[in-house]
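What you see below is based on every heavy atom in this structure, not just the backbone, and it leaves out hydrogens, waters and symmetry mates.
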Amino acid sequence: MTDHFLILIPTDPQYVPQPEHAQAANDYLISIFPEADDIVWVWSDTVEFVDPGDNFERVVCPACETELHMSDWQHMMNIAFDNQFSDLNVTMPCCHATGSLNDLHYVWPAGFARFSLEALNPNADLDDQHMRDVEEMLGCGVRKIWRRL
Ligand SMILES: [Zn+2]
């Protein structure tokens with residue numbers, strides 16, 4: 001039995017919406033995905049890595065499009081984890097471009113967040129209009145992550 005989580009996170013890792021706004025977006029997803037096994041929103045004091053589970057394939061440099069060695073990426077992740085992902089700035093080993101771990105090209109998409117809105121086995125996808133509606137409710141840009149476990 002494979003579970004599919006549709007996870008929505010703010011594009012800004014530190015952003016946490018007001019509880020009533022989070023609940024409004026939660027209720028909106030329930031109306032879109034009446035067959036989902038569960039829909040919840042969660043937040044934490046610290047930034048966490050939101051991974052795509054078994055959908056994880058590779059990480060690519062956004063500056064030069066080189067695929068990162070997993071050991072290099074793990075090294076960058078370990079350093080960032082030591083400060084609880086409060087500082088995501090990295091220098092790329094391939095081309096020395098600087099940027100955020102949150103802006104690397106994760107295949108499939110992943111990201112960093114203190115807040116997430118999660119639908120378990122929604123059996124459908126969000127279209128562009130749904131995404132805009134959720135962004136308006138949460139008051140932020142939103143990234144969509146599919147986690148397969
Ligand atoms: Zn590069």
| With distance as the sole criterion, is a donor-acceptor pair present between the side chains of S86 and Q84 under 3.5 Å? |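 Side chains of S86 and Q84: no pair found under 3.5 Å.
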
| query | Cut-off 3.5 Å, side chains only: do D72 and H75 have a donor facing an acceptor? | reply |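 No pair is found: no donor N or O on one side chain lies under 3.5 Å from an acceptor on the other.
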
| request: Applying side chain to side chain contact (heavy atoms under 4.5 Å, CB included), run through L29 and L6 and close with a yes or a no. | output: CA-CA 10 Å; L29 287 196; L6 171 61; 5.6 Å; no

Of all heavy-atom pairs between [X] and [Y], which one has the smallest distance, and what is that distance?
X: H4; Y: P122; value: O-CD, 3.6 Å
X: L88; Y: N102; value: CD1-CB, 4.1 Å
X: S116; Y: I9; value: CB-CG2, 3.8 Å
X: F85; Y: M77; value: CE2-O, 3.8 Å
X: P109; Y: K144; value: CB-O, 3.6 Å
X: F33; Y: L126; value: CZ-CD2, 3.5 Å

| said: Under a 3.5 Å distance rule, please check whether N55 uses its side chain to pair with a backbone N or O of W108 as donor and acceptor. | reply: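 No: the side chain of N55 does not pair with the backbone of W108.
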
| request: Mark yes or no for whether R58, through its side chain, and V107, through its backbone, hold a donor-acceptor pair below 3.5 Å. | output: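 A pair under 3.5 Å: no.
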
| Ring geometry between Y106 and F49 (parallel below 30°, tilted from 30 to 60°, perpendicular above 60°) |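 Aromatic pair F49/Y106 classed tilted.
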
